[in-house]
S.K.: 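Just dropping this structure here.
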Number of protein chains: 2
Amino acid sequence: MKNYSKQREAIITVLRDMKTHPTASAVYEKVKEIIPNISLGTVYRNLAALRESGDILAISIGDGFDHFDGDKKPHIHLHCRECKEITDLYLTEDPAAAFAMSQGFEPDTSVYIVSGICKDCISKKQIKI
Amino acid sequence: MKNYSKQREAIITVLRDMKTHPTASAVYEKVKEIIPNISLGTVYRNLAALRESGDILAISIGDGFDHFDGDKKPHIHLHCRECKEITDLYLTEDPAAAFAMSQGFEPDTSVYIVSGICKDCISKKQIKI
DNA sequence: ATAAAAACAGTAATGATTACTGATTTTGAG
DNA sequence: CTCAAAATCAGTAATCATTACTGTTTTTAT
């Protein structure tokens, strides 16, 4: 007696399909293409619930917005502090989760955020010098 | 001609010493012990600047507050969705950062967030059954 | 079919964070 | 050591992403 609604299904679908890491309002804009009269509050409520249950991930990069990620496969987020872009990097396995497990922790989702300077920004910087 | 103030220094000191992952206002409360008349706005301004420059890390766990971390040594955050607690797990090296580097990305800070259920909550759950 | 439970749309309220202002501190050149 | 420009500050007002609320609709499980 819980959890289903076509709105929630649409939100999950949108998140699974988006390859970016959308904010709540970006999700809202996208979901409106499926359910035009969906409410922004519904998007927030469902994102919060999905995050709480571990079905999606949320990350904060300091731009004032939460960013959501529907991809539960363990992967690294490369976050460039220069251009602010987040790109994904997939590992064939998840060494840290394995380590966490060996400590008695039952992992179900994980995100690695590596902050630094991306390839493009490094070359841009070198041109400027 | 930039960046120094005793307020900023106190904020960094507090963050380096705190073993928890304090919110902005927890930092504020702590810094007040050093500089009693410091302003909350100053704390926010400096936290934002330090985060921007990569001197500290900020993480979002869905409680409505940003949490800050002054420890730049690569480590895992074990985030329990049950009790909400974050505990640190140190690795002898940082395999993901090394992998990022091999992709042409220059890493300087990284955090791994592994969400799941911690030891204590697992045993509590089993008692309930 | 149907009644209780859950979720919704729409909107108002909240409160963490940011922006602003005039005062103070820091910096670096002379 | 001045001293003025630049940066930062304290204090407070404003912002705006997110949450809460209300009456309605959908879902669920008998």
Side-chain angles (χ1 to χ4, degrees), chain A residues 1-15 18 20-70 81 84 86, chain B residues 1-15 18 20-70 81 84 86:
Chain A
M1 202 178 250
K2 244 179 90 165
N3 267 356
Y4 180 80
S5 74
K6 65 177 196 288
Q7 287 85 347
R8 175 170 303 200
E9 192 156 284
I11 288 165
I12 293 171
T13 302
V14 160
L15 267 170
M18 284 178 95
T20 58
H21 305 82
T23 60
S25 63
V27 171
Y28 173 58
E29 291 305 325
K30 202 76 181 174
V31 176
K32 275 207 285 192
E33 294 172 13
I34 304 170
I35 305 173
N37 74 322
I38 196 171
S39 160
L40 180 58
T42 296
V43 172
Y44 271 104
R45 183 161 17 81
N46 278 291
L47 288 173
L50 290 166
R51 172 191 220 177
E52 181 80 14
S53 64
D55 291 308
I56 64 171
L57 292 158
I59 58 182
S60 163
I61 59 168
D63 63 354
F65 306 90
D66 282 338
H67 291 254
F68 297 89
D69 187 344
R81 256 202 314 287
K84 313 298 180 195
I86 309 170
Chain B
M1 201 179 251
K2 245 177 90 161
N3 267 357
Y4 180 79
S5 74
K6 65 176 194 292
Q7 287 87 346
R8 176 170 305 201
E9 192 157 285
I11 289 165
I12 293 170
T13 302
V14 160
L15 266 170
M18 285 178 92
T20 58
H21 306 81
T23 61
S25 61
V27 172
Y28 173 58
E29 292 305 326
K30 202 77 182 171
V31 175
K32 275 207 285 195
E33 294 173 13
I34 306 170
I35 305 173
N37 75 323
I38 196 169
S39 160
L40 181 58
T42 297
V43 172
Y44 270 104
R45 184 162 16 80
N46 279 290
L47 288 174
L50 290 166
R51 171 192 219 177
E52 181 82 13
S53 64
D55 290 309
I56 64 172
L57 292 158
I59 58 181
S60 163
I61 58 167
D63 63 354
F65 305 90
D66 282 337
H67 292 253
F68 297 90
D69 186 344
R81 254 200 318 284
K84 314 297 180 196
I86 307 170

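Heavy-atom basis, side chains included; hydrogens, waters and symmetry copies ignored. Each chain gets a letter, A, B and so on, in the order its sequence line appears, and its residues count up from 1.
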S.K.: Using whole Å, what does the distance between atom C1' of nucleotide dT28(D) and atom CZ of Arg8(A) come to?
M.R.: 15 Å
S.K.: What's the spacing between Leu40(A) CG and Glu29(A) CD if we round to 0.5 Å?
M.R.: 9.0 Å
S.K.: On DNA chain C, does the nearest nucleotide to Ser5(B) precede the nearest nucleotide to Ala24(B) from the 5' side, or the other way round? Give the residue.
M.R.: Ala24(B)
S.K.: Could you check how far CG of Asn46(A) sits from C1' of dT26(D), rounded to whole Å?
M.R.: 13 Å
S.K.: With rounding to the nearest 0.5 Å, note down the distance linking CG in Asn46(B) to CD1 in Ile11(B).
M.R.: 4.0 Å
S.K.: Hey, can you pull the residues of residues 35-45 of chain B with a non-hydrogen atom under 4.0 angstrom from DNA chain D?
M.R.: Asn37(B), Ile38(B), Ser39(B), Thr42(B), Arg45(B)
S.K.: Using only side-chain N and O atoms of Asn3(A), determine if any of them is under 4.0 Å from OP1 or OP2 of dA5(C).
M.R.: no
S.K.: Kindly compute the distance separating CG (Asp55(B)) from CG (Leu47(B)), expressed to the nearest 0.5 Å.
M.R.: 11.5 Å
S.K.: For Gln7(B) and for Ser25(B), find the nucleotide of DNA chain C with the closest heavy atom, then tell me which residue's nucleotide is more 5'.
M.R.: Ser25(B)
S.K.: Roughly how many Å is it from CZ in Phe65(B) to P in dT19(D), rounded to a whole number?
M.R.: 11 Å
S.K.: Could you tell me the separation between the NZ atom of Lys30(B) and the CG atom of Leu15(B), rounded to the nearest 0.5 Å?
M.R.: 11.5 Å
S.K.: Would you say that Ile86(A) contacts Ile59(A) through its side chain, given a criterion of any heavy-atom pair below 4.5 Å between the two side chains?
M.R.: yes
S.K.: Give the rounded distance in Å between these two atoms: CZ of Arg51(A) and P of dA17(D).
M.R.: 16 Å
S.K.: Answer yes or no: is there a side-chain heavy-atom contact under 4.5 Å between Arg51(B) and Asp66(B)?
M.R.: yes
S.K.: Of the non-hydrogen atoms in Gly70(B) and Ile56(B), which two are nearest, and what is the gap between them?
M.R.: CA-CG2, 4.3 Å
S.K.: For Asp63(B) and dT14(C), give me the distance from atom CG to atom C1', rounded to whole Å.
M.R.: 16 Å
S.K.: In whole angstrom, give the distance that lies between atom NZ of Lys6(A) and atom C1' of dA9(C).
M.R.: 11 Å
S.K.: Please report the distance, rounded to the nearest Å, between CG in Asp66(B) and C1' in dC16(D).
M.R.: 15 Å
S.K.: Figure out the NZ/P separation between Lys32(B) and dA10(D), and round it to whole Å.
M.R.: 12 Å
